[in-house]
Number of protein chains: 2
Amino acid sequence: MAKAKRILKWQRDPEGMRLRILEAAKQEFAAHGLAGARVDRIAEKAGANKRMLYYHVGNKEDLYLEVLEGTYEKIRAEERTLDLEHLDPPEAIARLIDFTWNYFLRNPEFLALLNTENLARAKHLKRSTKVKSMHSPFVEMIRAVVTRGVESGNFRAAVDPVQLYISIAALAFFYLSNSATLSVIFGRDLLKKEARDERLDHMIALVLAALTGKSTAAFGRMEMPTLQPVEHQVM
Amino acid sequence: MAKAKRILKWQRDPEGMRLRILEAAKQEFAAHGLAGARVDRIAEKAGANKRMLYYHVGNKEDLYLEVLEGTYEKIRAEERTLDLEHLDPPEAIARLIDFTWNYFLRNPEFLALLNTENLARAKHLKRSTKVKSMHSPFVEMIRAVVTRGVESGNFRAAVDPVQLYISIAALAFFYLSNSATLSVIFGRDLLKKEARDERLDHMIALVLAALTGKSTAAFGRMEMPTLQPVEHQVM
DNA sequence: ACAGTATTTATCCAACGGGTTAATTTCTGT
DNA sequence: ACAGAAATTAACCCGTTGGATAAATACTGT
């Protein structure tokens, strides 16, 4: 025959395929949102056929929910390894802030996915049974730190742990998630190394100052940036 | 004739039409994002024909940019009326926080539109000449407050005004923009009246405590919520 | 009145995009 | 070996959607 027998056809790899699909979907949903994501692109990025998505996961929305659940699972899992119990309360909070900040930096898709889900008013997340259950321990972890902080006299008031965590997440999330528009309107690159370092200092200083009522070493650094001619600094 | 002459046909109203189109587009883009927005729905909501969008504004992306610019213009315009110069620095900051919070509450489309634009990495905003220019005065307004606060001895450190504003916006923006997912994962309704009031107190207390180093009346209230059995409180 | 222009309506269409059908190929147990 | 199941491919279907064309209708100045 003119056409020789094809040498390498394909091998089966259901688990690998599934993972590649989910990873590709995560990238695609994060980059374009739910409506903007293209099933064909996901298939292509996964090195697969579009039919595979439906075979291994389900339709577009199922795919999306699975990605979202995996995303939450990942961050909460990493947080569990933080070992805050053995740190001084202020240290523990600083560590939580540091971790959150760096996690968001390392995982920009997380931010985008959450925004996408909130645009949908958490329609999909509400259907998820997995996600709801994984947050009580996390809240308790923070509550324990706060309680210790109050008892040891380090913290002035026993803040609501949910409120506190939302604030910590907010300071990091908003800065990074909105860095594109903020960089444009304020005319400076918020993602460059120095800006990032400065932001982390600022966040830790802000939260610890409020909790402890004392100025920290880091807080002192808040003075420095102001002296720079901050406006019109081209990106 | 069986079919009588149509009584009311239609009147011309170019300006009104344009406004209705932009308002409808704002709602649509905010509700569904750029990719999810439907040109037909915008036309319908505006009480217009789809052709009108193209006649009065341009294609979908032009429409989107115009909405976005209008959105920024509106918030910055309202901020200019805040009159922070005549307030005590801590009062001025509290007022800015209060305003920002309530503006976000009153204008949820603003949050959604910014998120959408950040998903697109500010691609459209970068094309806009209008938007960039309107922010220097705003930053200066905040800088002036901070400077006065330091001079009067109210504030411990001269924080970078951009950094400070980003933090203020972050505390309000993230809470509201992500209220859907946060309400699900923490199992409580973050948008109900008491929760909103509590949040505003918390934000003001947090920022002022960090700036002034002193506990405020509002900060005392941070203690209360913790005593509630916060977990598993059904929405 | 009436001609010319501005505004609005009524259709149409080509491309796209999610999802499906059916055929093909690899793997597994016996 | 081989039958049946699992995994993968190729091709197609059909409603949707952004955008375009052309015709109709209201307004304006003269």
Side-chain angles (χ1 to χ4, degrees), chain A residues 1 3-29 31-68 116 120 123-124, chain B residues 1 3-29 31-68 116 120 123-124:
Chain A
M1 278 177 72
K3 178 157 50 170
K5 190 186 284 181
R6 275 158 279 174
I7 326 103
L8 266 176
K9 318 215 52 166
W10 49 273
Q11 304 174 34
R12 288 186 174 186
D13 181 15
E15 306 83 10
M17 176 91 289
R18 197 186 150 83
L19 289 180
R20 271 166 22 230
I21 288 172
L22 287 173
E23 178 60 30
K26 180 163 82 180
Q27 299 305 328
E28 178 72 10
F29 286 126
H32 304 282
L34 178 50
R38 291 294 166 260
V39 172
D40 289 283
R41 277 199 301 249
I42 295 175
E44 192 188 15
K45 269 185 244 177
N49 188 285
K50 181 165 57 161
R51 181 68 182 79
M52 295 280 78
L53 313 188
Y54 293 88
Y55 182 75
H56 285 288
V57 184
N59 63 23
K60 195 183 182 185
E61 294 215 337
D62 292 342
L63 196 49
Y64 168 77
L65 178 56
E66 197 124 344
V67 165
L68 195 61
T116 293
K123 179 176 121 183
H124 313 87
Chain B
M1 280 177 71
K3 178 159 49 171
K5 189 188 285 179
R6 276 158 279 173
I7 327 101
L8 267 176
K9 317 213 55 164
W10 49 273
Q11 304 175 33
R12 289 186 174 186
D13 181 14
E15 306 85 10
M17 175 93 289
R18 196 186 152 83
L19 289 180
R20 265 156 40 220
I21 287 172
L22 287 174
E23 177 61 29
K26 180 163 82 180
Q27 299 305 328
E28 177 72 10
F29 285 127
H32 304 283
L34 179 49
R38 293 295 166 257
V39 173
D40 289 283
R41 277 200 298 251
I42 295 175
E44 192 188 14
K45 271 185 243 176
N49 190 285
K50 185 164 54 160
R51 180 67 182 80
M52 296 280 77
L53 314 187
Y54 295 89
Y55 181 77
H56 285 286
V57 183
N59 63 23
K60 193 183 181 184
E61 293 214 337
D62 292 343
L63 195 51
Y64 169 76
L65 178 56
E66 196 123 344
V67 165
L68 195 62
T116 293
K123 179 177 123 185
H124 314 87

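Bear in mind the structure is a predicted one, so any value in this text is a computation, not a measurement. Any value given below was found using the heavy atoms of this structure, including those in side chains, with hydrogens, waters and symmetry copies removed. Reminder, nothing fancy here: chain letters follow the sequence lines and each chain counts from 1.
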* Asked: Would you say A:Arg51's side chain and A:Ala48's backbone share a donor-acceptor pair under 3.5 angstrom?
  -> no

* To do: I would like to know whether B:Glu44 and B:Arg41 meet salt bridge (Lys or Arg N to Asp or Glu O under 4.0 Å); could you show each step before the answer?
  => CA-CA 5 Å; B:Glu44 192 188 14; B:Arg41 277 200 298 251; over 6 Å; no

* Interatomic distance, A:Arg41 CZ vs C:dG19 P [rounded to whole Å] -> 15 Å

* Asked: Base, sugar-phosphate alone, or nothing: which one does B:Ala37 contact when heavy atoms must sit under 4.0 Å apart?
  -> sugar-phosphate

* Reading nucleotides 8-16 of chain C 5' to 3', which nucleotides get B (base under 4.0 Å from a protein heavy atom), which S (sugar-phosphate only), which -? -> BBB------

* Structure fact -> Closest non-hydrogen atoms of A:Phe29 and A:Tyr64, given as atom of the first, atom of the second and distance, are CE1-CA, 3.6 Å

* To do: Look up atom NZ in A:Lys45 and atom CZ in A:Arg20, then write down how far apart they are to the nearest 0.5 Å.
  => 14.5 Å

* Asked: In whole angstroms, how far is the P atom of D:dT16 from the NE2 atom of B:His32?
  -> 15 Å

* Integer-rounded Å distance: C:dG17 P and A:Leu63 CG -> 16 Å

* **Nearest-angstrom distance from the residue atom CG of B:Asp40 to C1' of D:dG18** => 8 Å

* Gap between atoms NZ and P, on A:Lys60 and C:dG19 respectively (whole Å) -> 8 Å

* Take atom CD of A:Glu15 and atom C1' of D:dA6, then tell me their distance rounded to the nearest Å. => 12 Å

* Could you give the distance from NZ (A:Lys26) to CD1 (A:Ile21), rounded to the nearest 0.5 Å? -> 15.0 Å

* To do: Let me know the distance between CD1 of A:Ile21 and P of C:dG18, rounded to the nearest Å.
  => 15 Å

* Counting distance only, does the side-chain N/O of B:Asp13 pair as donor-acceptor with the main-chain N or O of B:Gly16 below 3.5 Å? -> yes

* Round to a whole Å and report the spacing from OH of A:Tyr54 to P of C:dA22. => 18 Å

